[in-house]
**Student:** 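One structure is given below, represented as structure tokens, and several questions about it will come after.
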Protein chains: 2
Amino acid sequence: MTSSTPRNQRRKRTAVIGDAIKEYIASHGLGPGDRLPQESHLIDVLDASKGTIREALRGLESQGLIHTRTGPGGGAFITEVTDDRAMELLSNYFFFRPPTIHDIYQVRKQLEPTLVASLDGRLDDADFQRLESVMSFYDHPPASLEEERQQRIKELEFHLLLVDHCPNPLLALMCRFPIRLLMSLTTCQRIYDQPYPELRRQGHDYQRRLVDALRRGQVETASDIMAEHMQAAQALMEEREAMLDKAFFKADADEAGPSHEYLALSGLFTRTDEKN
Amino acid sequence: MTSSTPRNQRRKRTAVIGDAIKEYIASHGLGPGDRLPQESHLIDVLDASKGTIREALRGLESQGLIHTRTGPGGGAFITEVTDDRAMELLSNYFFFRPPTIHDIYQVRKQLEPTLVASLDGRLDDADFQRLESVMSFYDHPPASLEEERQQRIKELEFHLLLVDHCPNPLLALMCRFPIRLLMSLTTCQRIYDQPYPELRRQGHDYQRRLVDALRRGQVETASDIMAEHMQAAQALMEEREAMLDKAFFKADADEAGPSHEYLALSGLFTRTDEKN
DNA sequence: AGATATTTGTTCGTATGTATT
DNA sequence: TAATACATACGAACAAATATC
């Protein structure tokens, strides 16, 4: 008579146990670095077999909530979800519904100027030098297609550097993700793999002015420059996208095949685990 | 080649297998609904034991990428990550660094006006009626604290309804998440659990004007109204937050205790699995 | 440096549950 | 109802990693 959970609807044992562990964390006020009870103990307390416990822990681990170590004093440790993991899990959401370039810039246009505004007084000389050092990768026309591709990536890294100093973690995440998307979207790869002199020149100009304004402490101006930068980049990217679409897509619009359009994530959709 | 991957550093077997399966999905062009090879087959091909395979699959399942069914024709099936799952995984990221009210509104202020603008012509009569039906929950002063709390939730649901019609999946996700955060943040619960007449009245007024503008097809105006709405709500919420902070926080600012501030996610930080 | 103890990681055999036919 | 195909779960054994002495 398990009326305690009315329509338990075949909840999976591992899911139940996973939740139990989460609850344990919350109710015991555990935080990053704290250790969970060891497997053998969990087997006892939760009355499940080793395999089941391990599956549940693996679920938590793949969500980035814990990591495990072997050896004495080892076990499962609570961790803060890292930026990278959050990006990866988010990209899964878009795996079968890749955003368009327009979608991405619609967000960037709104958020990155705000991001810049939030940087007020948070950059020191070393930070500015890092920014300029990245910019030096694309302050000149590329000598090869390979260099051109790298310049595009570096230009996006410039924006990631700014994000690193944002004091608002929510805003930071929401700025970071579209940038990472642009780095891995295959639609973009197609664009990046072709010469596009204006994109580099224009981008570098805006960023130059942006850094100068920030150096002078004029965040308002800097924010405006970022807005223009995004507006201009969107225009160039969409224009190019339209060109390539016309070139690549054959006249036949019917492609009911099973080949899904998750072109999206080449780089992001990988490694479930990483260091440590 | 930098020293990026000098030694593989004992990648976990389950992680390797998880990636192998992801790769399998991508390289075979599989999409939602398609079935993965069955356990026994994976055991063969990937040369791992049942337990290891199962742990890897559980990892993918907890990321929302697959779900499994028993019985003949059963197995692991690829699924699109649902909105709810994405929200849950995202909330994990903020579990130990809950955003402040200011953080949240900084984002909402930028995105929700854009959201409204993207709704151009996408709402029909039934949609407007749904919006108004939600608004009817808070078109009058509350009779009890309980009703007051529910009014706050309903007011947020109004915004979620708008999000449902956004054609930009990236923007939609980024609008939805802050709203869900407000629903579950304990800081907000504290605010919601106290009488706050202006919050309701003001919110209802803005939304009334917003719907009217949308009905007339004036998305520009509607977008502006949303911007004002967010601005005003932010002011009220932050004012209240400051009041409560002053009331609750004792004079001692030192609290190096292990009691973590993941007050954040009361409702979100639950269920690893759900229907089916 | 080497031995040992501790704890997770992996495998196998077996039994049970569940959905299809 | 029975047979079948598949995931789910258990338990025991052994392997590998790592901290400590």
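Quick caveat, the model's predicted, so the values are computed rather than measured.
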**Student:** Report yes if at least one side-chain N or O of A:R58 is closer than 4.0 Å to OP1 or OP2 of C:dG9; otherwise report no.
**Tutor:** yes

**Student:** For the side chain of A:P72, counting heavy atoms from C-beta on, which of D:dC10, C:dT6, D:dA7 is nearest?
**Tutor:** C:dT6

**Student:** Heavy atoms from C-beta onward define the side chain here; which of D:dC10, D:dA9, C:dT11 lies closest to that of B:R13?
**Tutor:** C:dT11

**Student:** Between A:T52 and A:S49, do the side chains contain an N or O donor and an N or O acceptor separated by less than 3.5 Å?
**Tutor:** yes

**Student:** According to a strict under-4.0 Å criterion, is B:T68 in side-chain N/O contact with OP1 or OP2 of D:dT8?
**Tutor:** yes

**Student:** Rounded to the Å, how far apart are A:I53 CD1 and C:dG9 C1'?
**Tutor:** 15 Å

**Student:** Among D:dC10, D:dT8, C:dG9, find the nucleotide with the atom closest to the side chain of A:S49.
**Tutor:** D:dC10

**Student:** Would you say D:dC6 has OP1 or OP2 under 4.0 Å from some side-chain N or O of B:R69?
**Tutor:** no

**Student:** Of the nucleotides D:dG11, C:dT8, D:dT8, which one has an atom closest to the side chain of A:Q38?
**Tutor:** C:dT8

**Student:** Nearest to the side chain of B:R35 - D:dC6, C:dT8, D:dA9?
**Tutor:** D:dC6

**Student:** Classify the side-chain pair A:H159/A:R108 by whether it contains a donor and acceptor separated by less than 3.5 Å.
**Tutor:** yes

**Student:** Answer yes or no: does a side-chain N or O of B:T52 lie under 4.0 Å from OP1 or OP2 of C:dT11?
**Tutor:** yes

**Student:** What I want to check is whether the side chains of A:K12 and B:T68 have a donor and an acceptor closer together than 3.5 Å.
**Tutor:** yes

**Student:** Figure out the CZ/C1' separation between A:F77 and D:dA17, and round it to whole Å.
**Tutor:** 14 Å

**Student:** Can you tell which of C:dT14, C:dT10, C:dA19 lies closest to the side chain of B:K50?
**Tutor:** C:dT14

**Student:** Examine C:dT8: is either OP1 or OP2 under 4.0 Å from a nitrogen or oxygen in the side chain of A:T70? Give yes or no.
**Tutor:** no

**Student:** Would you please confirm or rule out a distance under 4.0 Å between OP1 or OP2 of D:dT8 and any side-chain N or O of A:K12?
**Tutor:** yes

